[in-house]
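Shown next, in structure tokens, is the structure this report addresses.
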Amino acid sequence: LLKPLITAGMRSVAKNPLSRFVVLNHEDAEWISQNFRADTAKVITIPGTGVDLNRFFPPVSKPELPFKVAYVGRMLKDKGIVELIEAVKLLRQKNVDLQLILAGAPDPSNPASITLKQLQDWQKDGYCNFVGHIYEIEEMYRQIHLLALPSYREGLGMTIIEAAASEVPSIASDVPGCRSAVIDGETGLLVPAKNPQALADAIEKLIVDPELREKMGRRARKMVEETFAVELATRLIIEQYNHILGS
């Protein structure tokens with residue numbers, strides 16, 4: 001019922017010569033241009049809030065075994081956590097040695113939240129190590145081998161970017177937001193969403209090929225330096241404000 005009213009309102013906003021729409025990926029930019037009839041020059045894509053390269057940097061030495069895969073974020077079903085657990089189960093059936101770390105907290109206000117009891121049960125059964133919210137997350141990135149974000153959709157997978165700055169490659173869903181943060185085959189791997197088997201296969205591929213994984217990590221760091229550094233994001237926003245104020 002509200003959609004037509006909101007769409008009409010946003011189309012009216014788009015007609016204002018001083019209006020700008022700021023999005024985090026090119027697919028959202030195209031959607032706004034098509035649905036709100038906004039001039040493409042008014043839709044600005046920025047690389048999130050950017051990443052502080054002095055805070056997120058590669059480790060001095062390689063992470064210790066066992067192989068560690070981490071998910072960082074809210075404990076929500078639509079982040080693909082259930083599929084991630086299923087992928088771990090599939091790998092355990094093949095006697096693949098790995099540890100899944102879940103860093104973040106449930107969100108009781110969200111209907112998609114995974115309960116604390118479920119997380120504790122998974123940990124009790126040995127499928128994950130639930131560590132809750134971590135304040136110095138940059139330290140954890142330097143202790144893992146791989147980041148996983150099998151989300152159903154993102155604005156921009158900032159945990160992927162933070163991990164990449166630490167030379168950690170990622171496996172993510174081939175969906176908007178994640179596609180903007182992973183160069184498939186170069187800085188990580190993209191897999192179909194809601195597909196535990198594809199997720200398990202991708203994790204195993206990077207476990208058994210450390211040379212490929214390390215190469216992806218180095219390329220990921222370079223990608224962040226060129227595209228996602230905080231200075232770049234800040235400059236883009238300031239340029240837009242200056243342009244509007246000078247109009």
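- The aromatic rings of Phe67 and His145 lie parallel to each other, with less than 30° between the two planes, well short of the 60° mark.
- The distance from the CG atom of Leu100 to the CG atom of Leu146 is 10.0 Å, given to the nearest 0.5 Å.
- Between Glu86 and Leu90, every side-chain heavy-atom pair lies at or beyond the 4.5 Å cut-off.
- Residues Ser151 and Glu154 have side chains that bring a donor and an acceptor to within less than 3.5 angstrom of each other.
- No donor-acceptor distance shorter than 3.5 angstrom exists from the side chain of Ser113 to the backbone of Ser109, with no hydrogens or angles considered.
- Separation of atoms CZ (Arg179) and CG (Asp174) is listed at 5.0 Å; rounding is to 0.5 Å.
- Shown here for Pro47 and Met158, the closest heavy-atom pair between the two residues is O-SD, 4.4 Å.
- A donor-acceptor contact shorter than 3.5 Å links the side chain of Asp184 to the backbone of Leu190.
- Ala181 approaches Thr187 most closely through the heavy-atom pair O-OG1, 4.3 Å.
- At a threshold of 4.5 Å between non-hydrogen side-chain atoms, the residues Val230 and Thr234 count as touching.
- You'll find the side chain of Ile101 reaches within 4.5 Å of the side chain of Gln99, heavy atoms only.
- A search for side-chain contact (heavy atoms from CB on, under 4.5 Å) contacts involving Gln120 returns Leu116, not counting sequence neighbours.
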Check against side chain to side chain contact (heavy atoms under 4.5 Å, CB included), Thr45 and Leu24: CA-CA 5 Å; Thr45 303; Leu24 301 177; over 6 Å; no
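- Geometrically, Arg92 does not engage Tyr127 in a cation-pi contact, judged by NZ or CZ lying under 6.0 Å from the ring centre and within 45° of the ring axis.
- Once rounded to the nearest 0.5 Å, the distance linking CD of Glu83 with NZ of Lys194 reads 7.5 Å.
- Nearest approach of Val175 to Ala193, heavy atoms of both residues: CG1-CB, 3.9 Å.
- No continuous path of hydrophobic side-chain contacts links Val13 to Ile244 [ILVMFWY only; heavy atoms under 4.5 Å].
- Inter-residue side-chain proximity for Ser33 and Asp39 is flagged as unmet; no heavy-atom pair is nearer than 4.5 Å.
- Under the 6.0 Å cut-off for aromatic ring centres, His133 and Tyr135 qualify, their centroids lying closer than that.
- Stacking of Lys79 on the aromatic ring of Tyr152 is not recorded, the 6.0 Å distance cut-off and the 45° axial limit not both being met.
- Using a cut-off of 4.0 Å between Lys/Arg side-chain N and Asp/Glu carboxylate O, Glu138 and Arg55 are scored as salt-bridged.
- One N or O on the side chain of Ser173 and one on the backbone of Pro150 form a donor-acceptor pair closer than 3.5 Å.
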With side chain to side chain contact (heavy atoms under 4.5 Å, CB included) as the test, would you mind laying out the steps for Ile114 and Leu76 before giving the verdict? CA-CA 5 Å; Ile114 296 172; Leu76 302 179; over 6 Å; no
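- For the pair Thr40/Glu30, no side-chain contact is recorded, criterion being any heavy-atom separation below 4.5 Å from C-beta on.
- Closest heavy-atom contact between Lys68 and Glu64: NZ-O, 2.6 Å.
- Side-chain contact check for Tyr141 versus Val72: some heavy-atom pair is nearer than 4.5 Å.
- Taking each heavy atom of Ala148 and Tyr71 in turn, the nearest pair found is O-CD1, 3.5 Å.
- When each of Lys222, Arg221, Met216, Arg142 is tested with Glu167 by the rule side chain to side chain contact (heavy atoms under 4.5 Å, CB included), just one qualifies, namely Arg221.
- Ionic pairing of Arg219 and Glu186 is present here: one or more N-O contacts between side-chain nitrogen and carboxylate oxygen are shorter than 4.0 angstrom.
- Under 4.0 Å is where a charged nitrogen must lie from a carboxylate oxygen, and between Asp78 and Arg153 no such pair does.
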For Phe130 and Trp122, run side chain to side chain contact (heavy atoms under 4.5 Å, CB included): C-alpha distance rounded to whole Å, both residues' side-chain angles, the deciding distance at 0.1 Å, then the answer. CA-CA 8 Å; Phe130 173 59; Trp122 282 335; over 6 Å; no
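- A pairwise comparison of heavy atoms in Gly50 and Ala233 identifies N-CB, 3.9 Å as the closest pair.
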Does the pair Leu102 and Val131 meet the rule for a side chain to side chain contact (heavy atoms under 4.5 Å, CB included), with working shown? CA-CA 6 Å; Leu102 299 181; Val131 297; over 6 Å; no
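- Under a 3.5 Å cut-off, the side chain of Ser19 and the backbone N or O of Asn16 do form a donor-acceptor pair.
- Taken from CE in Met223 to CD1 in Ile160, the straight-line distance is 8.5 Å, to the nearest 0.5 Å.
- The side-chain heavy atoms of Cys128 and Ile85, taken from C-beta on, include a pair separated by under 4.5 Å.
- By the neighbour-count criterion of 12 heavy atoms within 6.0 Å, atom CD of Glu226 is densely surrounded, having more than that number from other residues, nucleotides or ligands.
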Could you walk me through whether Asp121 and Lys117 satisfy the salt bridge (Lys or Arg N to Asp or Glu O under 4.0 Å) test, starting with their C-alpha distance in whole Å, then the side-chain angles of each, then the deciding distance to 0.1 Å, before giving a yes or no? CA-CA 6 Å; Asp121 286 345; Lys117 183 180 184 305; 2.9 Å; yes
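- Note: the hydrophobic cluster containing Leu91 does not contain Leu65 (ILVMFWY, side chain heavy atoms under 4.5 Å, direct or indirect links).
- Note on Phe57 and Leu232: separate hydrophobic clusters, where clusters join Ile, Leu, Val, Met, Phe, Trp and Tyr whose side-chain heavy atoms are under 4.5 Å apart, directly or indirectly.
- Listed by first then second residue, pairs satisfying salt bridge (charged side-chain N to carboxylate O under 4.0 Å, His left out) with a partner in residues 206-218 read Lys62-Glu214, not counting sequence neighbours.
- In this structure, Tyr241 is a member of the same hydrophobic cluster as Val22, with clusters built from ILVMFWY side-chain heavy atoms closer than 4.5 Å.
- Distance check, rounded to the nearest 0.5 Å: CZ of Phe228 to CD1 of Ile46 gives 11.0 Å.
- Note: the hydrophobic cluster containing Trp31 also contains Leu2 (ILVMFWY, side chain heavy atoms under 4.5 Å, direct or indirect links).
- Contact check for Leu189 versus Val182: no side-chain heavy atoms found under the 4.5 Å cut-off.
- Put simply, CG on Leu149 and CG on Leu147 are 6.5 Å apart, with the number rounded to the nearest 0.5 Å.
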